[in-house]
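Here's the structure, in structure tokens; my notes come after.
None of these values were measured; they are calculated from a predicted model.
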Amino acid sequence: MRRSGWVLIAVAAGGAGWAVAELARPRRVDIRSFEPDEVARLETAMWRSYYDRRRMPLFGQLVALLQGQFQLQPLRAVALAGLAARAAAVFQVGASHADYRRALPYLERYYAGIRAASRVEFDPARAAWLELEWWIVHREADDHPPGDLEHALAELAAELYQVPAERVAVHAARRAEAMTIRDRTSRRAVGVLDDDWDRIEAVLWVSWRSLAAQVRAVPQEALPPASPSA
């Protein structure tokens with residue numbers, strides 16, 4: 001029994017050491033390399049969970065998305081998913097710009113965590129602000145002229161992947177279209193049906209495939225070398 005106890009302690013200590021090392025020295029990856037169809041599937045699932053206020057499924061989907069889109073190590077993905085979920089929850093219950101801005105510190109820490117593992121040298125503070133900006137534009141769509149949401153989405157993608165905004169215009173336009181489908185169908189008495197979600201996912205496929213094609217066209221020489229552990 002004593003030997004088993006010491007074995008468990010050793011395993012726990014080893015796991016704790018691995019966790020600290022993973023968070024302190026993340027392997028550096030090229031976030032431009034992702035599977036667009038899987039990202040589209042996960043984003044659709046996340047939207048459903050968000051609007052249904054199902055936080056536990058949303059958290060699991062966020063973890064999967066972070067590992068799939070940004071190739072994050074498991075512990076980092078879990079930690080950052082918690083920050084993203086907290087930001088979304090704070091924003092969801094907000095009723096003013098002052099309320100919305102309370103989500104910004106969580107978004108800043110979220111993007112700082114992604115930047116620590118990314119070979120693409122984006123500005124995490126600017127990415128956090130651009131993320132919050134499109135959230136606000138989307139919520140206040142009736143107060144914005146056509147094109148504002150697409151512009152906000154393009155600016156975020158351009159910052160994250162360090163490409164000109166015009167190169168990600170199709171990605172932004174189709175992602176905005178998917179949001180519009182969700183918003184419009186949610187106003188019906190029957191709400192958003194499974195067929196609507198299938199259509200939304202199909203539009204998101206186009207969006208993320210376009211982004212993948214554009215960011216992968218950037219020469220690899222533009223990136224710093226990968227870490228030895230990557």
Side-chain angles (χ1 to χ4, degrees), residues 22-36 38-40 42-43 46 62-73 75-88 91 100-101 103-138 148-176 204 207-230:
E22 180 183 317
L23 288 174
R25 297 186 299 276
R27 61 184 174 90
R28 303 293 291 278
V29 297
D30 179 6
I31 63 171
R32 293 169 176 167
S33 178
F34 59 85
E35 175 49 57
E38 180 63 5
V39 172
L42 285 167
E43 182 163 52
M46 284 171 53
L62 274 167
V63 172
L65 182 69
L66 286 166
Q67 290 186 277
Q69 183 180 355
F70 297 121
Q71 305 172 65
L72 298 184
Q73 294 164 286
L75 187 63
R76 181 168 291 267
V78 169
L80 297 187
L83 290 170
R86 181 58 178 162
F91 181 83
Y100 304 152
R101 283 193 291 272
L104 189 58
Y106 300 106
L107 290 173
E108 289 173 340
R109 291 164 59 194
Y110 169 76
Y111 276 114
I114 294 173
R115 176 64 188 88
S118 173
R119 293 169 60 203
V120 180
E121 296 179 344
F122 67 86
D123 180 345
R126 185 166 189 269
W129 174 251
L130 291 170
E131 180 82 31
L132 182 61
E133 181 178 31
W134 84 251
W135 289 6
I136 294 172
V137 172
H138 176 231
D148 272 12
L149 180 57
E150 289 89 335
H151 175 76
L153 290 167
E155 288 296 314
L156 173 61
E159 177 60 42
L160 277 178
Y161 298 100
Q162 292 294 287
V163 295
E166 57 267 22
R167 289 187 60 170
V168 294
V170 173
H171 161 70
R174 297 289 75 77
R175 199 170 177 218
L204 287 173
S207 172
W208 288 102
R209 286 174 182 175
S210 174
L211 180 66
Q214 290 299 322
V215 300
R216 289 171 186 171
V218 176
Q220 291 298 302
E221 306 85 72
L223 297 178
S227 61
S229 60

Open item on the list: Using the rule given for side chain to side chain donor-acceptor pair (under 3.5 Å), can you reason through W129 versus E133, listing the C-alpha separation, both sets of side-chain angles and the distance that settles it, and then say yes or no?
Closed with: CA-CA 6 Å; W129 174 251; E133 181 178 31; 4.6 Å; no
TODO: Mind checking the CG-CG spacing from L204 to L211? Nearest 0.5 Å is all I need.
DONE: 12.0 Å
Task: Between CG on residue D148 and CG on residue L153, distance to nearest 0.5 Å - done: 11.0 Å
- [ ] Work out which heavy atom in A158 is nearest to a heavy atom in V168; give both atom names and the distance.
- [x] N-CG2, 4.2 Å
TODO: Would you indicate whether the side-chain heavy atoms of Q214 and V163 approach each other to under 4.5 Å?
DONE: no
Task: Minimal non-hydrogen separation, A103 against A87, with atom names - done: CB-O, 3.5 Å
TODO: Supply the atom-to-atom distance L80 CG to Q67 CD, rounded to the nearest 0.5 angstrom.
DONE: 11.0 Å
Task: Nearest heavy-atom neighbours spanning H171 and A157 - done: CD2-CB, 3.9 Å
- [ ] Check A173 against E150 and note the closest heavy-atom contact, atom names and distance.
- [x] CA-CG, 3.7 Å
Open item on the list: Does the plane of the ring in F70 sit parallel, tilted or perpendicular to the ring in Y161? Use 30° and 60° as the thresholds.
Closed with: parallel
TODO: Would you mind reporting whether L107 and W135 have side-chain heavy atoms less than 4.5 Å apart?
DONE: yes
- [ ] Evaluate whether atom CZ of R109 has more than 12 neighbouring non-hydrogen atoms of other residues, nucleotides or ligands under 6.0 angstrom away.
- [x] no
Open item on the list: Measuring only between side-chain heavy atoms, which start at C-beta, is L66 closer than 4.5 Å to I114?
Closed with: yes
Open item on the list: Return the CG to CD distance between L65 and E43, rounded to the nearest 0.5 Å.
Closed with: 7.5 Å
Task: Close side-chain approach of Y111 and D123, heavy atoms under 4.5 Å - done: no
Task: Minimum heavy-atom distance L160-A127, with the two atoms named - done: CD2-CB, 4.2 Å
Task: Pairwise distance CD1(I31) to CD(Q69) - rounded to 0.5 angstrom - done: 7.5 Å
Task: Heavy-atom closest contact (A154 atom, A165 atom, distance) - done: CB-O, 4.1 Å
Open item on the list: Quick check for you: to the nearest 0.5 Å, what is the distance between H138 atom NE2 and R175 atom CZ?
Closed with: 10.5 Å
Task: Residue of the set E159, E108, E131 for which side chain to side chain donor-acceptor pair (under 3.5 Å) holds with R126 - done: E159
Open item on the list: Is it the case that the side chain of R28 and the backbone of S118 share a donor-acceptor pair, with hydrogens and angles ignored and the cut-off at 3.5 Å?
Closed with: yes
TODO: Return yes if some donor-acceptor pair links the side-chain N/O of Q71 with the main-chain N/O of S33 below 3.5 Å, else return no.
DONE: yes
